[in-house]
Structure formats: C-alpha cells, structure tokens
Amino acid sequence: MGFQMQPYGVQAMLKECHKHLFGLKEAVLKNIDAYKQLSVIIRTSLCPNGMKTMVINHLDKLFMTNDTATTVNELEGQHPAAKILVLAGKTQQEEISDGANLTISFAGELLLNAEELIRMGLHPSEIISGYH
C-alpha cells in the first residue's frame, strides 16, 4: 500500500494529464507546432485550386467551406498560441475583409523556418530581429 501525496500549489490547479515543459526551447517548439497544425488546416483552401475544409463544430453542425474566416470561427482550438494566430486571421478579415488565409499561412511558414533556426541553436530574439 503506497502513500500518495496530494498535489499542492500550482500543481493542484492543473489537470492530471498536464505536461510541464522545461526550458524556453521546448516551450517555443511546442507553440510553433500548434501554429503549424493550424496553418496546415488553413493552407488547403489557399489559391484558386484550394479545397473546401470540412469542420464539425461543438453543436455537431457540419460546415463545408473554403472561406478561412468561417473555418477559423468554427474551429475550437484549445492551445493558447494557436488562438493568437486565429485572432490575427480574424483581425485581418475584419479590417481588410480579405487575406485571413494568407495571414495564417504566411505566419505558419515563418514559424516553420524559425523552428529550423531554433533547432540550429539561434535564440528566438535573434530570429525576431532577423524578421524585422
């Protein structure tokens, strides 16, 4: 019969299946992975040969669309970093009424290249200054 300690502090507030990331590099790479997944979903509807995206929302309603704004509105992403990219696409759609797909796809490609640079050993602040 083993003795189990009850979680305390921050550990008590987190779900049982949470993951604790150590180090800046690992956390940044996990965020980039979330961006890449969203970008891959959205990229399929880019260009004249773009395909429709099928989204089933939380009400089990089916959407077939090639409009990025509709896709992004109906996706229910849980990752905080991916929500930032969704917000950028929504803002682009509201301000310009176009280009949400390009915004999300372009950001995904920038972050894909940034991932390679991080794996090579560059610090994220160096990559950011290089993108400026």
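Quick note: numbers below take in every heavy atom, side chains included, and nothing from hydrogens, waters or symmetry partners.
- No side-chain heavy atom of Thr103 sits less than 4.5 Å from a side-chain heavy atom of Thr91.
- If you chain together hydrophobic residues whose side chains sit under 4.5 Å apart, Ile84 and Leu38 fall into the same group.
- Rounding to the nearest 0.5 Å gives a distance of 6.5 Å between CD1 of Ile42 and CG of Asn101.
- Of all heavy-atom pairs between Ala100 and Gly89, the closest is CB-O, 3.4 Å.
- Scanning both residues, Ile118 and Pro124, for their nearest heavy atoms gives CD1-CG, 4.3 Å.
- In this structure, Ser105 contributes its side chain and Leu102 its backbone to no donor-acceptor pair below 3.5 Å.
- By the 6.0 Å contact criterion, CE on Met51 is open, its count of non-hydrogen atoms from other residues, nucleotides or ligands being 12 or less.
- Between the side chain of Tyr35 and the main chain of Lys30, no donor-acceptor pair closer than 3.5 Å is present.
- At a threshold of 4.5 Å between side-chain heavy atoms, the hydrophobic network of Ile, Leu, Val, Met, Phe, Trp and Tyr places Val28 and Leu117 in one connected group.
- Looking at heavy atoms from C-beta onward, Tyr131 lies in side-chain contact with Asn113 at the 4.5 angstrom threshold.
- Counting all heavy atoms, side chain and backbone alike, His123 lies closest to Ser125 at ND1-OG, 2.9 Å.
- In plain terms, the two heavy atoms of Leu111 and Ile32 that are nearest each other are O-CG2, 3.5 Å.
- Contacts classified as salt bridge (charged side-chain N to carboxylate O under 4.0 Å, His left out) and involving residues 103-125 (residues at least two apart or in different chains) are given here: Lys36-Glu115, Arg43-Glu109, Glu115-Arg119.
- For the pair Gly108 and Ser39, the tightest heavy-atom approach, listed with the atom from each and the gap, is CA-OG, 3.6 Å.
- Lys61 is not listed as a side-chain neighbour of Ile56, based on a closest heavy-atom distance of 4.5 Å or more.
- The number of heavy-atom neighbours closer than 6.0 Å to CZ of Phe106, taken from other residues, nucleotides and ligands shown, is 12 or below.
- By the criterion of side-chain heavy atoms lying less than 4.5 angstrom apart, applied directly or through intervening Ile, Leu, Val, Met, Phe, Trp or Tyr residues, Leu85 is not grouped with Val40; the two fall into different hydrophobic clusters.
- Both Leu122 and Leu29 sit in one connected hydrophobic cluster of ILVMFWY residues. Membership requires side-chain heavy atoms under 4.5 Å apart, directly or through other members.
- Of all the heavy atoms in Ile127 and Ala114, the pair that sits closest is CD1-O, 3.7 Å.
- Residues Ile96 and Ile104 are members of separate hydrophobic clusters, defined by side-chain heavy-atom contacts under 4.5 angstrom among Ile, Leu, Val, Met, Phe, Trp and Tyr.
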